Amino acid sequence: AFFLLPAQEKRPGVDIFLLFDKSKSLNDYGQISEMKNWVEKNIIDGILVTGDWICIKTFCGTNETLIEMEITDSNSIEKIRETVKNIKADGYYTDLGLLMDNILPEINARQSQSNRKHFVFVVSDMIQQAAPESPYNGKDKFFSHSALKYTRETKHKYWKDAVVGVNIEGKIKSVAALF
């Protein structure tokens with residue numbers, strides 16, 4: 001989807017949700033460094049332009065909002081760059097199901113406020129390993145959730161990046177209801 005969002009060309013602003021896994025297992029083979037480098041090259045330098053809005057969240061058991069802001073100038077981009085550089089893989093459990101349950105209302109709220117295109121990027125090993133108290137508890141390499149409809153997923157050696165198509169079924173149903 002990067003070819004749709006060249007940072008070099010003028011384009012309308014977009015909303016970006018960047019969901020970053022911070023589980024300790026991402027230290028095993030240096031994945032956390034690779035993931036941060038990928039985000040810097042492909043999202044921060046490759047996509048972001050003045051007028052975009054970004055929300056960066058880490059997830060691992062719980063979700064934490066690191067930054068939520070409109071890109072107003074190069075200082076905004078540097079602030080985002082520093083935020084990503086400071087992410088540490090220090091959490092327990094990767095709960096993709098809980099992440100999607102918690103983030104969907106925020107994404108839907110943002111979509112209803114903004115008439116812009118929205119993109120959701122997930123950077124993770126995509127291995128579901130939820131806490132015992134989670135409704136999604138257990139470990140699952142092939143975890144699925146109704147909100148995790150990937151429009152593009154790229155596998156790297158020990159992790160993946162995915163652009164998630166969120167709420168596509170809901171949009172299809174609302175359009176179908178008109179006929």
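Being a predicted model, the structure only gives us computed values, none of them experimental.
Looking only at distances, no side-chain donor or acceptor of D15 sits under 3.5 Å from a matching main-chain atom of R116. Side chain of K117 to backbone of V14: no donor-acceptor contact under 3.5 angstrom is found. No donor-acceptor pair closer than 3.5 Å links the side chain of K22 to the backbone N or O of I87.
Applying the side chain to side chain donor-acceptor pair (under 3.5 Å) rule to T62 yields no partners; only residues at least two apart in sequence or on another chain are considered.
Contact check on E78 versus R81 returns a salt bridge, with a Lys/Arg side-chain nitrogen under 4.0 Å from an Asp/Glu carboxylate oxygen. A salt bridge is defined here as a Lys NZ or Arg NE, NH1 or NH2 lying under 4.0 Å from an Asp or Glu carboxylate O, and K57 with E106 meets this definition.
When all heavy atoms of N63 and L98 are compared, the closest pair comes out as ND2-O, 4.3 Å. The minimum heavy-atom distance linking N137 with P132 is given by the pair ND2-O, 3.2 Å. Between S25 and Q31, the shortest heavy-atom distance links the atoms O-NE2, 3.4 Å. Nearest heavy-atom pair across P12 and D52 is O-OD1, 4.4 Å.
Put simply, CG on D95 and OG on S23 are 11.5 Å apart, with the number rounded to the nearest 0.5 Å. To the nearest 0.5 angstrom, I71 atom CD1 is 11.5 Å from I47 atom CD1. Summarising the geometry, atom CG belonging to D161 is positioned 7.5 Å from atom CD1 belonging to I43; distances are rounded to the nearest 0.5 Å. Within the model, atoms CE of M100 and CZ of F59 stand 7.0 Å from one another, a figure rounded to the nearest 0.5 Å. Distance check: T83 OG1 to L18 CG gives 10.5 Å after rounding to the nearest 0.5 Å. Atoms CG and OG, from L26 and S33 in turn, are 10.5 Å apart once rounded to the nearest 0.5 Å.
Side chains of E34 and Y158 form no contact here, defined as non-hydrogen atoms less than 4.5 Å apart. Between K85 and E40, the closest side-chain pair of non-hydrogen atoms falls below 4.5 Å. The shortest distance between side-chain heavy atoms of K79 and E82 does not fall below 4.5 Å. Taking the side chain as every heavy atom from C-beta outward, S76 and M69 approach each other to under 4.5 Å.
Ring geometry for W159 versus W38: interplanar angle over 60°, hence perpendicular rather than tilted (30 to 60°).
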Set out, in order, the CA-CA distance, both residues' side-chain angles and the distance that settles side-chain contact (heavy atoms from CB on, under 4.5 Å) for D21 and V123, then state yes or no. CA-CA 6 Å; D21 187 350; V123 184; over 6 Å; no
Kindly determine whether Q128 and L99 satisfy side-chain contact (heavy atoms from CB on, under 4.5 Å), including the steps that lead there. CA-CA 11 Å; Q128 170 75 4; L99 169 69; over 6 Å; no
Which is it for W53 and E68 under the side-chain contact (heavy atoms from CB on, under 4.5 Å) test, yes or no, and what are the steps along the way? CA-CA 7 Å; W53 174 92; E68 190 173 329; 3.3 Å; yes
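Hydrophobic clustering (side-chain heavy atoms under 4.5 Å, transitive across Ile, Leu, Val, Met, Phe, Trp, Tyr) keeps Y93 apart from I32. Linking Ile, Leu, Val, Met, Phe, Trp and Tyr residues whenever their side-chain heavy atoms come within less than 4.5 Å places I77 and F20 in a single cluster.
For the side chain to side chain contact (heavy atoms under 4.5 Å, CB included) with L66, the lone residue among I80, I56, V84, N86 that qualifies is I56.
The environment of D73 atom CG is dense: over 12 non-hydrogen atoms of other residues, nucleotides or ligands sit within 6.0 angstrom. Heavy atoms from other residues, nucleotides or ligands lying under 6.0 Å from NZ of K155 number more than 12.
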